[in-house]
Amino acid sequence: LLMVPSIIMSTMGFAPSYQEPDTLTIAAGIAVDTGEHGRYDVTVEVAKPKADGNSVESTLIGGRGNTLSDGLVNVVKLVGHRLHYNHADIFIIGDSLARSGAGEIMTSISRQIDLPIAGTLLVSDCDAADILRAETVITSVCSYEIEDIVQAGHKLSQTPNMPFFRFISEVKESGIDAILPVIRLTEVEKKKTFEVSGTALFSGDKKVAEISPWLTQCLIWIRGDTAVGSLAFGDASYALKEIKCNVQCDGDGASIEAKLVITRIDGDLNEEQSRAMVKSKIEQGIEQLVDITKVNGCDPIGIGRVMKRTNLKQWKEAEDRWEELYRDFPVTVSVEVEYINTGRTED
């Protein structure tokens, strides 16, 4: 069963269908897009308890303003009283806004004392409001369902853990570039819903590229955000028991070393074949990831940060030209695989 939220849109540039919002107060999530003439389109999903007291329904309220604060004020004008953002754990930035630069909106968020800075940030591959308008699969509140999907992705090394405060910190820090999970529209049983899949790469505060779910896993491992998950290559699948990555950097280049422990779940490959295949696949994945970051002039791996920590003098000389230097900076990749035999008979 797929559920569609009811929609209340302000007359300030949005669709004119208007409904009385009653006493809606709890904001569940926020989407921000680039509007006309440099303004912002702000869409707030509000969770409202149903009359039976056992469930909630979702309503969208839209406002437009010259700043995020303006847009939120216009939403409040439509509601008629203050919204509570304590539970607004989902904040979606539209693709166009992310590509033009999210710095101003991030600064605005940091100044909104009502917004939880530990909330989850995502980038959509379309207008952010379209995500909140999509149909849900499990719950009736889109933002709550997104949060559940993101949290599950964290545990499986499929979604980067990037709350607001960490994103803004990495945007400001030299030597590393920020990332955000990507949320996109998809279809389930011919119904338009959403999925969290892949990662957006940033250079400064601008989105410059996206990487696949597989390369997202590689990046998460390198950044040390999680050490578990699963691996599937064709008919073979493995449980990833542990992975440790080490990034080193000197004046001549950088190295990325990964050591992992796996056990077989499915497939007919023996230990030697399994180790060789997993080693090859992960080395290829990391090398492809490095190539994409170089082409797009971004450093989400944090090679520059490693240089800064190990040789500050060298970093000072490279810092202002790091985007240019990194494009041709040698990076080697090596992977060691430990295979734990679970007792299954092997050929």
Side-chain angles (χ1 to χ4, degrees), residues 26-33 40 42-45 67-72 83-95 97-124 128 131-132 143-144 146-183 196 198-208 210-211 216 219-227 247 293 298-306 308-309:
I26 306 300
I30 301 171
V32 183
D33 292 296
Y40 295 111
V42 181
T43 305
V44 179
E45 182 177 32
T67 64
L68 173 63
S69 180
D70 259 354
L72 292 174
L83 286 170
H84 296 280
Y85 293 97
N86 309 60
H87 300 286
D89 290 330
I90 293 296
F91 198 104
I92 306 172
I93 303 171
D95 181 71
L97 177 57
R99 290 186 182 279
S100 63
E104 183 176 336
I105 203 74
M106 291 297 100
T107 300
S108 185
I109 294 173
S110 68
R111 293 173 179 169
Q112 300 289 323
I113 60 174
D114 288 344
L115 299 180
I117 63 172
T120 298
L121 279 173
L122 302 100
V123 172
S124 61
I131 300 295
L132 295 184
S143 297
Y144 295 164
I146 293 171
E147 178 65 12
D148 288 343
I149 292 171
V150 169
Q151 293 304 321
H154 291 168
K155 295 177 181 178
L156 297 173
S157 304
Q158 295 176 348
T159 306
N161 182 16
M162 190 58 60
F164 166 75
F165 67 86
R166 183 177 179 185
F167 177 78
I168 198 66
S169 174
E170 291 191 357
V171 167
K172 293 180 177 179
E173 183 181 355
S174 63
I176 190 169
D177 284 305
I179 60 175
L180 285 179
V182 175
I183 186 166
V196 179
T199 296
L201 306 182
F202 283 73
S203 178
D205 69 342
K206 292 182 173 66
K207 175 185 172 183
V208 294
E210 291 183 13
I211 56 174
T216 293
L219 179 57
I220 288 173
W221 294 331
I222 295 170
R223 288 167 67 103
D225 288 341
T226 185
V247 180
T293 62
C298 59
D299 182 10
I301 295 171
I303 292 174
R305 181 163 66 179
V306 174
K308 179 170 59 175
R309 291 174 176 174

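Values below: all heavy atoms of this structure, side chains included; hydrogens, waters and symmetry mates excluded. Quick caveat: nothing in here was measured; it's all calculated off a predicted structure.
- Taken from CD1 in I220 to OG1 in T159, the straight-line distance is 6.5 Å, to the nearest 0.5 Å.
- With sequence neighbours excluded, the residues that form a salt bridge (Lys or Arg N to Asp or Glu O under 4.0 Å) with E173 are R305, K308.
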(Q) Would L72 and V42 count as a side-chain contact (heavy atoms from CB on, under 4.5 Å) here? Give the steps. (A) CA-CA 7 Å; L72 292 174; V42 181; 3.8 Å; yes

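- Between V123 and K207 there is a side-chain heavy-atom pair separated by less than 4.5 Å.
- Residue Y40 holds its OH atom at 12.0 Å from OG of S69, rounded to the nearest 0.5 Å.
- Here the shortest heavy-atom pairing between G94 and A128 reads N-CB, 3.6 Å.
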Run V196 and I183 through side-chain contact (heavy atoms from CB on, under 4.5 Å) and show every step you take.
CA-CA 4 Å; V196 179; I183 186 166; 4.2 Å; yes

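- Side-chain contact between I301 and L219: present, with at least one pair of heavy atoms (C-beta onward) separated by less than 4.5 Å.
- In terms of heavy-atom proximity, M162 sits nearest to P181 at CB-CD, 4.4 Å.
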- request: Assess whether side-chain contact (heavy atoms from CB on, under 4.5 Å) is satisfied between L201 and D177, documenting all intermediate values.
  value: CA-CA 8 Å; L201 306 182; D177 284 305; over 6 Å; no

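- Heavy atoms only, all atoms of each residue included: S124 and I131 are closest at CB-CG1, 3.9 Å.
- For the side-chain contact (heavy atoms from CB on, under 4.5 Å) with E45, the lone residue among L132, I92, I26 that qualifies is L132.
- Proximity of Y144 to D89: side-chain heavy atoms (C-beta onward) are nowhere separated by under 4.5 Å.
- In terms of modelled atom types and a separation under 3.5 Å, the side chain of T67 and the main chain of D70 share a donor-acceptor contact.
- Side-chain contact between I176 and E170 is present, with heavy atoms from C-beta onward closer than 4.5 Å.
- P160 approaches T216 most closely through the heavy-atom pair CD-CG2, 3.9 Å.
- Annotation: side chain of S157 is in contact with side chain of W221 (closest heavy-atom distance under 4.5 Å).
- Side-chain contact between I93 and M106 is present, with at least one heavy-atom pair separated by less than 4.5 Å.
- Heavy atoms of other residues, nucleotides or ligands lying less than 6.0 angstrom from CD of Q151 number more than 12.
- Using a 4.5 Å heavy-atom threshold, the side chains of F202 and L180 count as touching.
- Nearest heavy-atom pair, T199 versus V182, reported as atom, atom and distance to 0.1 Å: C-CG2, 3.6 Å.
- The CZ atom of F91 lies 7.0 Å from the CG atom of L121; values are rounded to the nearest 0.5 Å.
- Checked for salt-bridge contact, R99 and D205 miss the test: no charged N lies under 4.0 Å from a carboxylate O.
- Atom CG of L156 sits about 10.5 Å away from atom NE2 of H154, to the nearest 0.5 Å.
- Side-chain contact between T120 and L122 is present, with heavy atoms from C-beta onward closer than 4.5 Å.
- Minimum heavy-atom separation, F167 to I179: CD1-O, 3.8 Å.
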